[in-house]
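Data first, discussion second: the structure below is written as structure tokens.
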Amino acid sequence: MSVFTLAAQEVITDLEYNPLLRASQQPKSAAILKSVDNNLFTPVVLPFFDDFSSEDMYPSQLRWLDKYAFINATYAINPPNIGTATLDAINEKGEIYPGVIPGPMPFIADYLTSRPVRLDSVFDPVPHAMTVGDSVYLSFYFQPQGHGNPPESTDSLVLEFGVYTGDSVFAYMDSITVTIEKTYYPNDTILLPCPLPDDSVYVSVNPWLQLHNAQLMLIAGDIVTLPCDSVFEPKIEWDHIWSTPGMALDTNFYKEGYPLSYFHQVMIPITDSARYFSKYFVFRFKNYVSLADNSLPSWQSNVDHWNIDFVYLDMNRKWSDTTYSFLSFVDAAPGMLRRYEAMPYKQYMSDPITEMKDSIDIVITNLDTLSHNSTYKYILSDEHGVPLDSCLRGNWDIPPVYTDGYLDYINFSRPPVCFGFYPVIYNADSASFTITHILSSGTGSSENLGDTIRFRQNFYNYYAYDDGLPEAGYGLTPAGSLLAYRFILNKPDTLRAVQMYFNETRTGANQQYFSLMVWNDDNGLPGQVIYSKTGLKPQYSKSLSQFYTYYCDSVVPVVGPFYVGWAQTTSDNLNIGFDRNRQAQENIFYNVAGTWTKSIQQGSLLMRPLLGKSIHDYPVNIPVKADQIAIYPNPAKYTAINLMLPPDMDDPAHSDQFDLRVYNIMGQSVYNGPFEKDFNISSFDNGIYILTVRDMQRNKFCTGKLIISR
């Protein structure tokens with residue numbers, strides 16, 4: 001059930017939306033086994049293993065049928081290795097499941113369903129029919145809550161085995177004639193109900209680009225005949241195999257029957273050969289969650305998190321087969337800046353020694369029963385991948401985590417910072433570097449053990465304490481509350497804008513007016529107001545970064561410590577993004593009764609001041625050619641660009657009907673969403689892009705070429 005914590009007048013809430021899943025706009029399977037990729041029906045063979053260490057946010061289709069689970073490296077605490085699959089109350093679009101009944105009654109939310117697995121035969125070394133004597137086990141690790149919300153005792157995590165009642169049935173129709181209800185552009189995928197008696201069958205029409213000339217469109221009202229592939233959903237009977245009730249993270253740590261650990265491993269023998277030893281054995285995890293009732297609509301948000309890791313199905317296993325020949329990193333790669341995740345490059349270069357950490361924290365685990373001699377190093381590369389420097393930390397015998405815990409050898413676990421981020425081109429106003437951490441087995445190891453993680457260090461025109469992904473939301477109450485976020489400069493600069501990520505609420509309860517505020521420093525606390533802008537509301541960017549930019553009406557000179565934040569007009573929770581993985585607690589201040597108080601909440605706000613040059617420094621009264629978009633700056637190197645439309649389309653009254661699409665040099669669509677005059681490009685790589693803006697109501701369009709060169 002959704003809960004919140006209240007400390008004085010600070011409020012921490014859970015999220016209603018997952019910003020990465022929602023912004024990705026990659027549709028998930030509507031149900032298991034309904035996919036345009038018929039290869040998903042092809043069974044896989046043993047061993048079946050996934051440690052979810054992929055950087056993709058969705059489960060791999062090499063092993064899983066659906067995409068409801070969220071693959072990440074931020075929600076779990078002390079996982080077996082980096083990356084887990086998180087089940088929660090968020091659907092395939094990154095939103096709270098629609099149509100659920102709020103209240104204490106749990107409902108099924110996410111699924112994580114395996115592809116069919118061949119449990120009928122053994123293929124190596126001697127082919128034979130699989131029997132109970134082959135000793136087949138399924139094992140996995142699980143953790144409730146993590147950095148998310150603790151499941152209630154009435155909620156649960158469930159494991160089920162599936163049995164096919166018959167083979168999959170495939171049907172193909174040569175064509176389907178339909179009336180197009182809305183306009184579709186090149187590369188669009190159209191999902192239409194197939195006109196067959198079985199309502200559970202759906203058809204996916206191939207992308208129009210693959211059928212006709214890329215310049216053609218499907219216009220609303222057209223009657224067209226298109227190819228039609230359809231797949232019947234196989235019928236599966238599901239058997240309940242295992243479950244655990246919801247609990248808090250600390251309760252799970254002390255759970256009877258398990259070793260003291262934030263993750264617990266479950267071993268399931270598969271002994272019913274008559275039922276499960278088939279060509280199409282499937283299994284799935286699912287979770288039951290519950291939302292707050294309608295008396296607290298603004299708290300109806302993402303809740304009841306479960307983290308799953310190391311899913312392993314294989315034969316020739318036994319009860320004691322609970323260790324793995326794995327050397328790996330546990331957490332995401334750390335940054336090397338002392339205070340920030342990101343900062344303006346000229347500010348960094350003003351005092352690079354002070355801005356660097358003395359050492360970094362690296363968490364390494366050995367899941368084996370044996371010690372392994374290993375080497376560890378990290379390498380600095382420029383934005384093009386060219387190595388610039390390295391830090392070699394030598395060899396060490398890494399003992400098993402089960403007996404010695406995480407590695408505490410200081411050269412590996414707390415290595416010194418060996419270099420700074422110095423430019424290849426001096427006097428640059430931006431830069432980007434990659435730090436690659438490499439763990440590998442030494443010469444005495446008989447297996448190729450190791451792991452690699454990377455951190456991208458960006459220096460553009462903004463400060464950030466956060467890692468860009470909120471695990472919760474932050475707010476204040478009552479009306480008149482002030483929030484101030486401290487940033488420290490190495491030299492005087494100018495504030496041009498403030499970026500904020502606000503969590504959307506299901507009821508829009510946080511759509512309340514606030515004033516953007518900027519303060520100078522008064523002995524470590526916010527001092528005088530040096531800038532304010534009234535009449536603002538939470539806004540939501542549709543780009544992957546999810547930050548919305550609030551521009552200052554004038555340049556605001558800032559020096560030394562300064563503070564950005566807001567003044568509330570109501571007692572409603574504005575619900576700004578809150579990152580639990582990056583700690584900036586000492587820089588968060590609030591004022592609800594005339595006195596500034598330092599926050600007691602551990603984490604960081606998704607609020608970023610933009611300094612120095614901004615897109616509004618560029619000329620705006622310039623001629624714009626017909627059918628072309630004017631783009632400034634271009635080439636672009638910062639996080640945002642300004643888009644100016646030709647006169648016949650530059651109509652604010654119709655701008656909400658405009659559609660913006662971005663294509664890379666290969667013609668692949670990399671962005672599809674509503675038009676934004678101030679467009680965030682922080683998620684785009686260097687290269688050449690084609691932008692297309694369409695007025696869908698008046699059937700007009702214009703294009704422009706963008707070059708990104710950071």
Side-chain angles (χ1 to χ4, degrees), residues 2-15 18-19 72-79 82 84 86 88 143-150 248-253 262-263 299 301-303 305 307 330-342 357 359-363 406 414 455 463-477 481-488 500-503 524-526 561 563-566 573-592 596-608:
S2 182
V3 298
F4 62 92
T5 60
L6 183 62
Q9 284 76 27
E10 291 184 290
V11 179
I12 297 293
T13 62
D14 301 298
L15 303 183
N18 182 312
N72 67 94
T74 62
Y75 269 98
I77 295 177
N78 295 343
I82 187 170
T84 57
T86 299
D88 50 24
Q143 177 191 76
Q145 183 179 352
H147 284 298
N149 175 268
L249 179 68
D250 290 342
T251 302
N252 182 66
F253 185 87
Y262 284 123
F263 267 85
W299 313 121
S301 54
N302 191 15
V303 291
H305 292 79
N307 297 307
V330 173
D331 294 331
M336 292 186 174
L337 297 182
R338 186 182 303 275
R339 291 176 293 192
Y340 304 106
E341 285 288 292
K357 294 177 180 177
S359 60
I360 55 177
D361 293 317
I362 296 290
V363 184
Y406 293 131
R414 196 168 177 80
F455 181 84
Y463 277 100
Y465 292 109
D466 64 275
D467 65 8
L469 180 63
E471 284 78 38
Y474 178 96
L476 296 173
T477 187
S481 297
L482 304 175
L483 172 69
Y485 205 15
R486 179 171 60 192
F487 296 87
I488 301 175
M500 302 185 194
Y501 167 68
F502 285 101
N503 300 313
L525 293 174
Y563 305 76
V564 297
W566 69 58
N573 174 21
L574 292 179
N575 202 5
I576 195 168
F578 193 72
D579 175 12
R580 296 186 187 274
N581 288 285
R582 301 294 186 266
Q583 300 304 320
Q585 175 186 356
E586 64 180 13
N587 297 297
I588 304 173
F589 299 84
Y590 66 94
N591 187 331
V592 298
W596 286 104
T597 303
K598 186 178 293 186
S599 173
I600 66 169
Q601 300 297 337
Q602 295 184 357
S604 56
L605 304 174
L606 271 67
M607 183 185 299
R608 301 173 170 182

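For the numbers below, each heavy atom of this structure counts, side chains included, while hydrogens, waters and symmetry mates do not. Keep in mind it's a predicted model, so treat the numbers as computed, not measured.
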For a quick test of reading the model, state the closest non-hydrogen atom pair linking [X] to [Y] and the distance between them.
X      : Y      : result
Met607 : Phe487 : O-CZ, 3.6 Å
Tyr590 : Ser599 : CE2-CA, 4.2 Å
Tyr340 : Ile488 : OH-N, 2.9 Å
Glu586 : Lys598 : O-CE, 3.6 Å
Gln602 : Phe578 : O-CE2, 3.4 Å
Phe455 : Ala333 : CD1-O, 3.4 Å

Is the closest side-chain heavy-atom distance between [X] and [Y] below 4.5 Å?
X      : Y      : result
Phe263 : Thr84  : yes
Leu249 : Pro150 : no
Leu482 : Trp566 : no

Exercise. Kindly determine whether Asn575 and Tyr474 satisfy side chain to side chain contact (heavy atoms under 4.5 Å, CB included), including the steps that lead there.
Key: CA-CA 5 Å; Asn575 202 5; Tyr474 178 96; over 6 Å; no
Quiz item: Which is it for Leu605 and Leu483 under the side chain to side chain contact (heavy atoms under 4.5 Å, CB included) test, yes or no, and what are the steps along the way?
Solution: CA-CA 11 Å; Leu605 304 174; Leu483 172 69; 3.9 Å; yes
Mind checking the [atom1]-[atom2] spacing from [X] to [Y]? Nearest 0.5 Å is all I need.
X      : Y      : atom1 : atom2 : answer
Leu574 : Thr477 : CG    : OG1   : 10.0 Å
Asn581 : Asp467 : CG    : CG    : 5.5 Å
Met336 : Ile360 : CE    : CD1   : 4.0 Å
Ile77  : Tyr262 : CD1   : OH    : 6.5 Å
Leu606 : Leu469 : CG    : CG    : 8.0 Å
Gln585 : Gln601 : CD    : CD    : 7.5 Å

Exercise. Take Tyr75 and Asp88 through the test side chain to side chain contact (heavy atoms under 4.5 Å, CB included) and record every step on the way to the result.
Key: CA-CA 11 Å; Tyr75 269 98; Asp88 50 24; 5.5 Å; no
Exercise. Take His147 and Thr74, measure what side chain to side chain contact (heavy atoms under 4.5 Å, CB included) needs, and give me the verdict at the end.
Key: CA-CA 8 Å; His147 284 298; Thr74 62; over 6 Å; no
Whether the side chain of [X] engages the backbone of [Y] through a donor-acceptor N/O pair (distance < 3.5 Å, no angle test) should be reported.
X      : Y      : result
Arg582 : Gly468 : no
Gln583 : Gly603 : yes
Gln143 : Pro79  : no

Quiz item: Does a donor on one side chain sit under 3.5 Å from an acceptor on the other, for Arg414 and Ser359?
Solution: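 Side-chain D/A pair, Arg414 to Ser359: present.
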